[in-house]
Number of protein chains: 2
Amino acid sequence: MSLELSVDRSSPVPLYFQLSQQLEAAIEHGSLTPGSLLGNEIELAARLGLSRPTVRQAIQSLVDKGLLVRRRGVGTQVVHSQVKRPLELSSLYDDLEAAGQRPATKVLVNTVVPATAEVAAALGVAEDSDVHRVERLRLAHGEPMAHLCNFIPPGLLDLDTAQLESTGLYRMMRAVGITLHSARQTIGARGATSAEADRLGEQEGAPLLTMQRVTFDDTGRAVEYGTHTYRPSRYSFEFQLLVRS
Amino acid sequence: MSLELSVDRSSPVPLYFQLSQQLEAAIEHGSLTPGSLLGNEIELAARLGLSRPTVRQAIQSLVDKGLLVRRRGVGTQVVHSQVKRPLELSSLYDDLEAAGQRPATKVLVNTVVPATAEVAAALGVAEDSDVHRVERLRLAHGEPMAHLCNFIPPGLLDLDTAQLESTGLYRMMRAVGITLHSARQTIGARGATSAEADRLGEQEGAPLLTMQRVTFDDTGRAVEYGTHTYRPSRYSFEFQLLVRS
DNA sequence: GTAGTTCGATTGTCCGGACATATGCATTGA
DNA sequence: TCAATGCATATGTCCGGACAATCGAACTAC
């Protein structure tokens with residue numbers, strides 16, 4: 001096999017990261033076929049001129065991603081799963097763009113309102129304190145796909161309407177240095193009310209997919225609370241869950 | 001603060017794991033309050049008579065779980081998120097039991113059938129090869145909640161009908177040594193067909209929540225493919241997603 | 001007073017080694 | 001023939017140390 005691996009010690013990117021990226025690329029590319037052994041850590045370390053802990057750190061990161069499996073006494077092998085994409089905190093905008101749908105957004109509401117009890121509880125702010133309220137209609141190919149209603153704590157973001165129409169909320173957050181960390185989601189379904197049906201071009205009572213989400217950044221602070229409704233004929237949630245032992 | 005920490009070197013459970021569990025318990029219990037610093041690693045290691053790598057391994061596992069945040073030059077602090085439960089590959093049976101609902105199951109179908117193209121693709125077996133087909137109705141408080149249709153590759157499991165009615169599919173898998181690893185899910189919604197409406201006690205056209213799932217074990221082998229429909233008034237999906245950088 | 005600098009504190013990365021433990025296979029014994 | 005034993009192999013755990021990178025605050029200079 002051999003598999004050309006090398007690290008650049010003069011690079012500022014960590015050695016274990018260089019290695020894990022090369023291994024991941026090899027798996028993605030097919031140089032490392034599913035089920036194949038990876039060769040033992042000691043020898044791999046020797047071949048690359050690295051220490052075993054460094055090699056282990058690289059391998060461990062791929063194990064966490066679900067690409068590799070280690071078995072004591074056996075070795076490390078590539079998992080032969082059909083799906084390789086890791087789970088992600090998905091953004092509707094990115095999802096659509098990745099599917100080549102060229103999403104469009106229409107901002108319906110962009111104001112500051114006092115927080116209701118529900119919003120205050122979700123965002124962890126005082127009731128009746130000011131929060132941003134943004135309501136958007138997301139379209140693909142001119143057809144409405146989803147209605148998005150979001151609440152954002154004040155001071156985090158400059159909620160420019162033009163920017164909201166040209167990109168997604170998550171991207172705007174990342175752009176100002178907020179690193180998203182986790183989200184608590186609830187997905188359900190119900191029949192459309194007359195107002196919802198009107199907005200999305202469906203009939204009253206038609207099945208709608210609903211999602212509520214609170215998103216947290218890496219300090220545990222809630223940065224967004226949203227209530228979304230989707231047309232199930234146009235969108236469904238697709239994701240991969242990894243079991244955490 | 002001090003926070004009584006100790007490790008038992010004679011125990012077979014790894015030191016880093018003992019430490020991480022104690023820290024997690026302290027966070028859960030409230031001894032470590034959100035936002036509080038954890039004290040530097042060096043001193044913590046010295047106090048416990050451990051090496052720094054061991055302490056770091058314990059801390060890292062909690063960072064991965066989303067309970068702690070490390071910042072260079074600052075320290076490690078407890079994330080002050082409202083929600084602490086990690087994401088999990090949820091089993092409907094366990095979900096219901098955790099909610100104190102005492103789930104009941106009625107097995108409608110339990111046979112072996114040739115795999116359709118769809119099933120074969122999901123499970124990674126040959127088309128028309130034998131697979132188990134299990135159809136179940138899950139009830140809570142005597143009311144139907146969901147209709148579960150599952151396909152399982154042959155030879156994995158002894159699909160005893162009585163056992164299927166008294167516990168969940170995931171538990172049966174774990175019981176025979178299968179370690180679940182990840183799952184690919186699709187969640188959507190649609191109107192109930194007349195047969196579905198009949199089964200679940202809804203009206204035709206009523207909104208239903210649908211889920212399709214392929215579950216993989218730690219070797220990447222598909223162990224189950226399921227198509228489920230839920231009554232949205234009785235059940236919704238609730239879970240936490242962690243962003244993987 | 002304000003901006004830039006220095007410095008201490010803390011985590012990030014990396015090394016080299018040691019011993020424990022589980023696995024699979026070959027060998028041995030009944 | 002088949003089961004028990006032993007051994008090589010590989011990962012799991014743990015140690016102690018070294019230096020780098022980053023953050024925040026105190027300090028200094030203008």
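Letters go in sequence order (proteins before strands), and every chain restarts at 1.
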Whole-Å distance separating the [atom1] atom of [X] from the [atom2] atom of [N]:
X        : N       : atom1 : atom2 : value
Leu44(B) : dT10(C) : CG    : C1'   : 13 Å
Ile59(B) : dT10(C) : CD1   : P     : 13 Å
Gln60(B) : dT13(D) : CD    : P     : 15 Å
Asp8(B)  : dC14(D) : CG    : P     : 12 Å
Glu41(B) : dG12(C) : CD    : C1'   : 9 Å
Leu37(A) : dT23(C) : CG    : C1'   : 12 Å
Gln57(A) : dT13(C) : CD    : C1'   : 7 Å
Leu19(B) : dC14(D) : CG    : C1'   : 13 Å

Please tell me if the side chains of [X] and [Y] come closer than 4.5 Å, counting only heavy atoms from C-beta onward.
X        : Y        : result
Glu24(B) : Leu67(B) : yes
Leu15(A) : Gln18(A) : yes
Leu23(A) : Leu5(A)  : yes

Problem - Phosphate contact (dT13(C) OP1 or OP2) by Tyr16(A) side-chain N/O below 4.0 Å - result: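 True: Tyr16(A) side-chain N/O within range (under 4.0 Å) of dT13(C) OP1/OP2.
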
So, the side chain of [X] versus the backbone of [Y]: is there a donor-acceptor pair under 3.5 Å, distance only?
X         : Y         : value
Thr116(B) : Val119(B) : yes
Glu165(B) : Val107(B) : yes
Gln185(A) : Glu238(B) : no

Practice task
Choose from dC14(D), dG12(D), dT11(C) the nucleotide whose nearest atom is closest to any side-chain atom of Arg56(B).
Solution key: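 The closest nucleotide is dT11(C).
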
Completion exercise
Once base and sugar-phosphate atoms are separated, protein heavy atoms under 4.0 Å mark nucleotides 15-24 of chain D, 5' to 3', with B, S and - as BB-B--BBBS

